[in-house]
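Read the structure below first, then the notes.
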Amino acid sequence: MDITEILTTMEYGPNPESADDALAWLKDRQDWPGHFIAGAFHADPQETAMKVENPATHAVLATMPVASAASVDAAVAAARAALPGWRGLGPQGRARVLYALARHLQKRARFLAVLETLDNGKPIRESRDIDVPLAARHFYHHAGWAAAAEVEFPGRAGWGVCAQVIPWNFPLLMLSWKIAPALAAGNTVVLKPAEQTPLTALAFAEICREAGVPDGVLNIVFGAGDTGAALVAHEGVDKVAFIGSTEVGRAIRRSLAGSGKGLTLELGGKSPFIVCADADLEAAVEGVVDGIWFNGGQVCCAGSRLLVQEGIAERFYARLRDRLARLRIGDPLDKSTDIGAIVSGDQLARIRRLVAEGQAQGGTLHAADAALPETGHYHLPGFFTGAEPASTVAREEIFGPVAVAMTFRTPDEAIALANNTAYGLAASIWSENINTALDLAARVRAGVVWVNGTNLFDAAAPFGGMRESGFGREGGRAGLEAYLRPLADDPAPGPATEPVDFSTAPQGAGPAAEAVDRTLKLYVGGKQVRPDGGGSYAVTDGTGRSVALAARANRKDVRNAVEAAVKAAGWARMPAHGRAQVLYFLAENMDQRRADLAVSLTRAGLAEDAADREVGAAVDALIFAAGMADKLDGGVQSVAQARMVAMTMREPWGVAGLVCDDRAPLSALIAGAGGLLAAGNRVVVVPSARHALVAGDLMQLIASSDVPGGALNLLTGDPAELAPVLAAHDEVDALWLADPALRAAVETAAAGNLKPVMAGLPPSDPAGLARLLQGATQVKTIWVPYGA
């Protein structure tokens with residue numbers, strides 16, 4: 001074969017990477033050394049064992065232990081015992097340890113790449129060129145954060161003991177994503193790798209000993225789902241970080257409900273890959289190769305929904321079919337292989353089931369015409385055409401090398417299709433028109449957007465999802481924030497008060513001497529309205545004497561308020577300067593009504609001096625929020641990729657719920673609502689039930705202060721009844737909850753659609769408000785080409 005034929009056929013001869021060193025290392029560990037706890041390996045002969053296979057050959061690579069409850073207890077105890085010493089090491093000491101880990105990863109890069117490929121089945125060039133370098137990059141990057149954390153994040157410290165559960169698709173890289181920021185923030189860690197791919201975690205444990213990680217700072221336990229469940233539910237754990245399926249994320253959310261533990265979830269995705277008519281089609285085709293066929297499609301942010309503009313669709317599909325024919329499928333250790341093995345027989349069976357379902361529902365599968373290896377878990381790469389947006393393959397995460405293609409005519413239709421999913425992890429947009437590309441990037445609901453690129457990752461660029469793709473970020477400032485908590489505790493509950501009686505029946509108590517016949521309404525969509533159920537409850541003065549009747553909202557009222565908030569989307573599109581002017585005007589009107597607001601608070605039982613402080617703190621908090629509305633800046637991150645820039649934009653959650661309690665009944669309400677509004681959210685507030693009078697005053701003030709209808713809604717009633725309804729509502733994107741007694745019920749209800757629940761009294765001091773304003777937004781990372 002001459003050079004012309006070689007360049008035409010692109011036929012490569014075998015080019016295998018030697019696995020001798022990795023296999024020899026495994027042979028030396030035939031008797032599995034056990035779990036890594038307190039700096040040493042501990043084997044328990046009473047524990048059951050699981051076999052680890054090479055997915056490309058079915059060869060057994062190792063036998064791993066399944067952690068018992070005693071092993072999990074020991075690992076958590078070791079992490080707890082090591083915590084004071086790790087924090088006492090100081091910022092520079094922790095930075096040195098993280099730097100040493102990065103260096104040791106680099107020194108063993110080839111060995112780790114081969115071990116990862118043997119264990120996972122991915123092509124060696126992906127392990128070698130992407131996974132291992134990025135893992136080292138995370139430790140380098142977070143060594144800098146470790147040194148700077150106390151300066152950059154004043155008033156915050158690590159959570160304590162972190163439980164981390166990672167998946168099998170990027171075993172070493174996910175390990176670094178989790179461990180590096182946790183250690184940089186001053187936490188200690190217990191990590192559980194996936195049962196299918198524990199080998200690089202074992203190698204990393206040995207590297208920790210070489211690099212001088214203090215005993216107990218990092219602990220690794222092996223096992224399957226039951227081990228992970230035991231770890232995340234352990235009473236000795238302060239923070240949980242999970243990467244995996246959405247269903248398991250829901251289960252974790254429910255299991256932790258009311259526990260007070262920190263939680264970040266990076267879950268599934270069904271990411272859109274939008275190709276506009278003016279795109280560079282050859283570049284976009286290579287983007288598909290990287291977007292869905294990279295790592296055999298076993299990527300949570302895989303571009304699995306191809307949305308192609310109608311005029312170029314057939315040409316694009318033809319190019320894709322031609323590119324499919326040129327993909328090389330086979331031995332993952334061969335440096336010429338494009339598509340390796342699927343991680344396990346169970347995962348392969350799931351891919352086959354979903355593909356068969358897609359065909360049964362009318363989709364046409366275009367697959368590579370290639371012979372698969374006789375041994376191993378392999379699946380042909382391909383894509384569907386002719387599938388409906390409601391079909392299974394268009395909605396469910398296949399997690400394999402198969403995409404589904406659909407067409408669109410206009411950018412608006414592209415966005416409608418892109419956002420027609422419960423997920424919101426990532427998106428890829430291809431257009432040579434920068435205006436079109438950035439317009440689509442701004443409108444697609446995803447935590448990460450790549451413009452004319454895909455599957456770009458860096459330790460400085462936050463990564464994470466929206467909606468049912470989870471909450472929290474990995475990487476950069478936002479990623480480190482997830483491993484820090486405020487040093488100041490939530491204010492303790494005030495003096496015990498009589499519970500509010502929400503019965504609609506007459507109570508028989510006479511009115512207070514100064515009372516007038518006043519019945520308070522709800523405030524929904526910019527106007528005062530009667531409650532759907534027609535019910536009300538008595539607001540008393542603290543001695544049991546009635547001062548007013550307040551409307552008692554029900555589930556239908558919540559639905560109406562959320563609907564009004566959804567329709568008020570123009571508030572989010574308003575320039576931040578415009579939102580600030582509205583909030584300043586509201587603060588000005590509140591200031592003019594100070595006396596009236598204070599009277600309403602005292603009539604409901606608050607002491608006069610406390611009422612005066614409440615009103616003053618509320619006005620000050622709203623002025624602060626207004627002033628910060630146009631200062632919630634994003635940033636441009638210095639990433640390692642040449643000719644790319646990662647912009648981090650702070651975007652509002654959308655519709656937010658705020659449930660108050662009797663502590664700080666006005667200032668906490670105004671601080672929470674003001675911060676959320678300043679960031680561009682629309683808000684549904686459940687005020688303190690005892691202080692519905694002051695909520696009635698606020699309704700009048702809001703109506704006269706140019707606040708657009710639906711941007712701020714007030715529902716008086718029983719918080720224990722209304723908070724879970726808000727938490728379960730699919731159009732509510734985030735929820736703030738003041739009363740810790742309601743946390744378990746609310747977080748359980750929020751597990752259905754995986755909205756974040758921020759627990760604690762909204763603070764009205766400047767430092768607390770600054771943190772609240774940051775929490776009122778979510779980070780969206782947009783990667784754009786930059787430079788030649």
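Just so it is clear, the values below take in all heavy atoms, side chains as well, and ignore hydrogens, waters and symmetry mates. Sequential numbering from 1 along the given sequence is applied to the chain's residues.
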Quiz item: Do side-chain atoms of N452 reach the backbone of V784 as a donor and acceptor pair under 3.5 angstrom?
Solution: no

Practice problem: Take F273 and W430, measure what ring-ring contact (aromatic ring centres under 6.0 Å, His included) needs, and give me the verdict at the end. | Solution: CA-CA 8 Å; F273 187 104; W430 295 79; 5.7 Å; yes

Exercise. For S428 and G453, indicate whether the former's side chain and the latter's backbone hold a donor-acceptor pair under 3.5 Å.
Key: yes

Quiz item: To the nearest 0.5 Å, what is the distance between CD (E247) and CD1 (I252)?
Solution: 11.5 Å

Practice problem: Taking salt bridge (Lys or Arg N to Asp or Glu O under 4.0 Å) as the test, write out the residues that go with E17, two or more places apart. | Solution: R110, K335

Quiz item: Can you tell me if T781 and T648 form a side-chain donor-acceptor pair at under 3.5 Å?
Solution: no

Quiz item: Distance from L267 atom CG to R253 atom CZ, nearest 0.5 Å?
Solution: 11.0 Å

Self-check item: Any donor-acceptor N/O pair, T421 side chain to Y423 backbone, under 3.5 Å
Solution: yes

Self-check item: Aromatic ring pairing W168/F399, orientation class (parallel under 30°, perpendicular over 60°, tilted between)
Solution: perpendicular

Quiz item: Is it true that the side chains of Q637 and W783 contain a donor and an acceptor less than 3.5 Å apart?
Solution: no

Quiz item: Does L425 reach the side chain of K270, with side-chain heavy atoms less than 4.5 Å apart?
Solution: no

Quiz item: Is it true that a side-chain atom of K261 and a backbone atom of V232 form a donor plus acceptor pair closer than 3.5 Å?
Solution: yes

Quiz item: Above 12 or not: heavy atoms from other molecules or residues under 6.0 Å from CD of E150?
Solution: no

Quiz item: Counting N and O atoms only, with roles assigned by atom type, does the side chain of K122 sit under 3.5 Å from a partner on the main chain of Q298, one being a donor and the other an acceptor?
Solution: no

Exercise. Say whether Q774 and R650, considering side chains only, have a donor N or O and an acceptor N or O under 3.5 Å apart.
Key: yes

Self-check item: Whether H138 and H142 hold their rings parallel, tilted or perpendicular, with breakpoints at 30° and 60°
Solution: parallel

Exercise. Scan side-chain atoms only and decide if E468 and T246 contain a donor-acceptor pair under the 3.5 Å cut-off.
Key: no

Practice problem: Rounded to the nearest 0.5 Å, what's the gap from SG on C208 to CD1 on I220? Could you check? | Solution: 6.0 Å

Quiz item: Is R771 positioned over the aromatic face of F153, cation under 6.0 angstrom from the ring centre and no more than 45 degrees off axis?
Solution: no

Quiz prompt | From CA spacing to verdict: salt bridge (Lys or Arg N to Asp or Glu O under 4.0 Å), R473, E481 | solution = CA-CA 9 Å; R473 294 293 181 264; E481 284 177 334; over 6 Å; no

Quiz item: Do any N or O atoms from the side chain of D338 and from the backbone of L327 form a donor-acceptor pair under 3.5 angstrom?
Solution: no

Exercise. Please step through salt bridge (Lys or Arg N to Asp or Glu O under 4.0 Å) for the pair E210 and R108, ending with a clear verdict.
Key: CA-CA 12 Å; E210 294 179 353; R108 286 160 177 77; 3.0 Å; yes

Quiz item: Donor-acceptor pair, D630 side chain versus A576 backbone, under 3.5 Å?
Solution: no

Practice problem: Rounded to the nearest 0.5 Å, what's the gap from CE on M644 to CH2 on W450? Could you check? | Solution: 10.0 Å

Quiz item: When you check the side-chain N and O atoms of Q106 and Y140, is any donor under 3.5 Å from an acceptor?
Solution: yes

Quiz item: Between W145 (side chain) and E152 (backbone), is there a donor-acceptor pair under 3.5 Å?
Solution: no

Quiz item: Where do D733 and R467 land on the salt bridge (Lys or Arg N to Asp or Glu O under 4.0 Å) test, with the steps shown first?
Solution: CA-CA 7 Å; D733 301 293; R467 297 190 284 179; over 6 Å; no

Practice problem: Find out whether F170 and E116 are in side-chain contact, i.e. whether some heavy atom of one side chain is under 4.5 Å from a heavy atom of the other. | Solution: no

Quiz item: Counting only N and O atoms by type, is there a donor-acceptor contact under 3.5 Å from the side chain of R250 to the main-chain atoms of L754?
Solution: no

Practice problem: Report yes or no: does N219 contribute a side-chain atom to a donor-acceptor pair with the main-chain N or O of G216 at less than 3.5 Å? | Solution: yes

Quiz prompt | Pair R80-D238, salt bridge (Lys or Arg N to Asp or Glu O under 4.0 Å): steps then yes or no | solution = CA-CA 10 Å; R80 178 67 60 192; D238 303 301; 2.8 Å; yes

Quiz item: Just wondering, do N120 and P55 contact through their side chains at under 4.5 Å, heavy atoms?
Solution: no

Quiz item: Between I37, T227, V190, which is the residue that forms a side-chain contact (heavy atoms from CB on, under 4.5 Å) with V72?
Solution: T227

Self-check item: Reference residue F204; test ring-ring contact (aromatic ring centres under 6.0 Å, His included); the match among F139, F36, F111
Solution: F139

Self-check item: Rounded distance [0.5 Å steps], CG in D131 versus OG in S176
Solution: 9.0 Å

Quiz item: Looking at CD1 of I179 and OG1 of T188, how far apart are the two atoms once the value is rounded to the nearest 0.5 Å?
Solution: 11.5 Å

Exercise. Is it possible for you to check whether K755 lies under 6.0 Å from the centre of the six-membered ring of F471, through NZ or CZ, and within 45° of that ring's axis?
Key: no

Quiz prompt | Enclosure of M649 CE (heavy-atom neighbours >12, cutoff 6.0 Å) | solution = no

Exercise. Answer yes when K780 and E651 have at least one side-chain N-carboxylate O distance shorter than 4.0 Å, and no when they do not.
Key: yes

